[in-house]
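Data first, discussion second: the structure below is written as structure tokens.
Only a predicted model underlies this, so the values are computations on that prediction, with no experimental measurement involved. Order of the sequence lines sets the chain letters (A, B, ...), proteins ahead of strands, with each chain counted from 1.
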Amino acid sequence: MVAPSHTRCAQTTRSISFIPISQHTANKQLLESQLISLLHHCTNLNHIKRVHAQIIRHGLHQSSFLLAKLIRTLTKLNAPMDPYPRLAFQQVKQPNPFLWTSLIRGYSFQRPLNDSILLYNSMRRVGTGPVSFTFTALLKACAAALDADLGRQIHGQTITIGGFASDLYVGNTMIDMYVKCGFLDCGHKVFDEMPDRDVISWTSLIVGYARRGYMDSAGRLFDELPLKDMVAWTAMVTGFAQNARPREALCFFDRMQDAGIETDEVTLVGVISACAQLGATKYANWVRHVAEKSGYGPTNNVVIGSALVDMYSKCGNVDEAFKVFDNMRERNVFSYSSMIVGFAMHGRANAAVQLFHEMVKTDIRPNGVTFIGMLTACSHAGMVEHGRHWFATMEKSYGVTPTADHYACMVDLLGRGGCLEEALELVRTMPMDPHGGVWGALLGACRIHANPDVAELAAVHLFELEPNGIGNYILLSNIYASARRWDDVARVRKLMREKGLKKDPGSSWVEGKKGKIHEFFAGDVTHVKSREIRQALDDLVNKLQLQGYKPNLSCVPYDVSDEDKKRILMTHSEKLALAFGLLSTSAGCTIRIVKNLRICEDCHSVMCGASQIAGREIVIRDNMRFHHFSDGKCSCGNFW
DNA sequence: GTAGGGTTAG
């Protein structure tokens, strides 16, 4: 017999069998395990309620065993513990520790943490002893709430109650709790004192070191780890990727494959992130091939898809990013935000806006990152009014409260757009303390609009907030240099010397034949083809000069002769990379260059001219954004 | 019941 409601349900979701009452007295244990199995396959709240009705019909509503499974299933489906699971729990006269703990754990996934603690105290009051599962549930809740004080108290209980501190599961969860709360040393102490450890204990600690940026310590632990599994290897790959060490991440992935370890989607996400940082087409195509070969193609996997969208954008290929995005079967806020940020970086503000509207229509709610993308898109396109609109509506219409990062974007937008006073006013009136990003945006705007006075004000705050941020000193020095205030330039440079800060050398790299990467530093003459590169650059500049190009000497922030300035300009790393790209790739090939610093105005105009004379598309990723040069024009509209 | 993941501005 099948109830009508059941038939309706079976059309859309997995069906729930009913167990005839006549069987129930035959074997209670068998019945319990059948009901457990039904709960195990429940995929929604209605399924669970129907199985619960069966539990009651069979007179098993006092079974802690069944009710614990019921609550764990509800937890898995992210159902609230009030009122339904709580009421089901209250009907059990003598709940066993597992049932108590299931409810404690259920509450722990949904803050406040207090509910879990109150229940734990009630459990102790009625004289029910905890089990190790109780402590893992409580510790996990502390980790999620980043409440190390409470975590310490629970740690204390595992010792005083006895026996639990030596439990492997409790120990592992404790390491994870301390690590997540930022107490790496306490996590390490727990690890040292554990009588038994497994690969999970080691990995928890490795991740702790990796997240703090201590990759050397993480590596030493990894080397000592007797049996390394896929998760441990992945922790290292991801650790390097998250610490901006993409080459080492890829190297580790190679080692992982050589060791015959399987790869899953989490590993791939780390590898894709490393490739995104390198920004090289060769690696981008390689990792996509690896992902597809391993069965994690972007079409069916939303996380891999979103990571690839980000990677292609960062590799300068925003069209390919959109192709991936367009073919994804499922999209979420990460996919949309990655694509919007991608469009923003490439100066395609209208595409970003269009995608935003589409996202809202599909009922995916934008988050803070989405609006960072929207504001950046407007900023890079000089769309001040549009930016004002998004900033004003993000909270009112979409419930996203602006953070200091959003204020930084607004300061950037207003500042670049020439509204320096308004930008300064926004910094003064923002509801939270401005961080380095906010003052940095203002300082950047002062460079564009040559305003040394406001720059000084921003720099005072920046030097305090980021005393070792070399870029800020250089920016201020360059702003003084543009105003020919050489004494002030000297003063900033002296300050840098006193602090022992050294300027990062400008470097650019370009992919040559077969994807080989060639890196150039400013003034570099070490490349084997250095003479040909120099000659190609001279030829190019001669042709440009015939069309009216004049070297922009204000791009050299030194008090030297004009001849010296011209010489220095011709050795900028992106020009060397361009000349090499022209020499080493065939006509019609796009030249892709990555630069570690911001591209200067002179190089920017040379790139514009070169794209026309050589008939080539040139894509440059600098430390701010992408520039697409084609037919003598740049996608940034000379506004960057 | 315990470990690894994607989007963020100057």
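- When each of dG10(B), dT2(B), dG5(B) is scored by its nearest atom to the side-chain atoms of Arg211(A), the top-ranked nucleotide is dG5(B).
- Ranking dG6(B), dG4(B), dG1(B) by closeness to the Ala235(A) side chain, first place goes to dG4(B).
- Heavy atoms of Asp405(A) sit under 4.0 angstrom from at least one base atom.
- Judged by distance alone, with hydrogens and angles left aside, Gln242(A) brings no side-chain donor or acceptor close enough to the base of dG6(B) to form a pair under 3.5 Å.
- Using a 4.5 Å heavy-atom cutoff, the side chains of His380(A) and Cys636(A) are not in contact.
- The distance between atom CG of Leu375(A) and atom C1' of dG10(B), rounded to the nearest whole Å, is 14 Å.
- No more than 12 heavy atoms of other residues, nucleotides or ligands sit less than 6.0 Å from atom CD of Glu464(A).
- Atom NZ of Lys76(A) is separated from atom P of dG1(B) by 9 Å (rounded to the nearest Å).
- A stacking contact between Phe133(A) and dG1(B) is absent: the pair does not combine a ring-centre distance of less than 5.5 Å to the base's six-membered ring with planes differing by less than 30°.
- At the heavy-atom level, Asp167(A) lies under 4.0 Å from base atoms of the strands shown.
- Nucleic acid contact for Ser306(A): base, since at least one base atom lies under 4.0 Å from a heavy atom of the residue.
- Comparing dA3(B), dT7(B), dG5(B) by their closest approach to the side chain of Ser338(A) singles out dT7(B).
- Leu413(A) has its CG atom 11 Å from the P atom of dG10(B), to the nearest Å.
- At a threshold of 4.0 angstrom between heavy atoms, the contacts of Thr403(A) with the nucleic acid are absent.
- Listed nucleotides: dA3(B), dG1(B), dG5(B). Nearest to the side chain of Ser132(A): dG1(B).
- Comparing dT7(B), dG10(B), dG4(B) by their nearest atom to the side chain of Val266(A) picks out dG4(B).
- Between dG10(B) and Arg416(A), a contact under 4.0 Å exists linking OP1 or OP2 to a side-chain N or O.
- Distances shorter than 4.0 Å separate some side-chain N or O of Lys314(A) from OP1 or OP2 on dT8(B).
- Spacing between atom CZ of Phe98(A) and atom P of dG1(B) amounts to 11 Å, rounded to whole angstrom units.
- For the pair Asn472(A) CG and dA9(B) C1', the interatomic distance rounds to 14 Å; values are reported in whole Å.
- The interatomic distance linking Phe334(A) (CZ) with dG5(B) (C1') rounds to 9 Å, in whole Å.
- Between Gln277(A) atom CD and dG5(B) atom P the separation is 14 Å, expressed in whole Å.
- Each of dG10(B), dT8(B), dG5(B) was ranked by its minimum atom distance to the side chain of Val269(A); first place goes to dG5(B).
- Looking at His406(A) and Thr403(A), their side chains do bring a donor and an acceptor atom within 3.5 Å of each other.
- You'll find that the side chain of Met624(A) is closest to dG10(B), out of dT2(B), dG10(B), dG5(B).
- Aromatic rings from Phe222(A) and Trp233(A) are positioned such that their centres are separated by under 6.0 Å.
- Evaluation of atom-type donor-acceptor distances gives no pair under 3.5 Å for the side chain of Thr238(A) against the base of dG4(B).
- With hydrogens and angles ignored, a donor-acceptor pair under 3.5 angstrom links the side chain of Thr203(A) to the base of dA3(B).
- Using a 4.0 Å heavy-atom distance criterion, Gly373(A) is classed as making no nucleic acid contact.
- Distances from the side chain of Asp176(A) to the nucleotides dG4(B), dA9(B), dG6(B) place dG4(B) closest.
- An OP1 or OP2 oxygen of dG10(B) is reached within less than 4.0 angstrom by a side-chain nitrogen or oxygen of His380(A).
- Looking at Ser337(A), its side chain comes within 3.5 Å of the base of dT7(B) through a donor and an acceptor atom.
- Taking the charged nitrogens against the carboxylate oxygens, Glu224(A) and Arg220(A) have no contact shorter than 4.0 Å, which rules out a salt bridge.
- Comparing dG6(B), dG4(B), dG10(B) by their closest approach to the side chain of Leu462(A) singles out dG10(B).
- Annotation: cation-pi geometry not satisfied between Arg388(A) and Phe391(A) (NZ/CZ under 6.0 angstrom from ring centroid, within 45° of ring axis).
- The side chain of Thr234(A) sits closest to dG4(B) out of dT2(B), dG4(B), dT7(B).
- The separation between Glu330(A) atom CD and dT7(B) atom P is 17 Å, rounded to whole Å.
- If you look at Phe356(A) and Tyr398(A), their ring centroids are closer than 6.0 Å.
- Residue Lys140(A) places none of its side-chain N or O atoms closer than 4.0 Å to OP1 or OP2 of dG1(B).
- Residue contacts shown for Arg331(A) are absent, as no nucleic acid heavy atom lies under 4.0 Å away.
- Nucleic acid contact class of Val207(A) (heavy atoms, under 4.0 Å, all strands): sugar-phosphate only.
- Aromatic pair Phe135(A)/Tyr169(A): ring centres not closer than 6.0 Å.
- As judged by a 4.0 angstrom heavy-atom cut-off over every strand, Gly437(A) is placed among the base-contacting residues.
- Across all strands shown, Val309(A) has no heavy atoms under 4.0 Å from either base or sugar-phosphate atoms.
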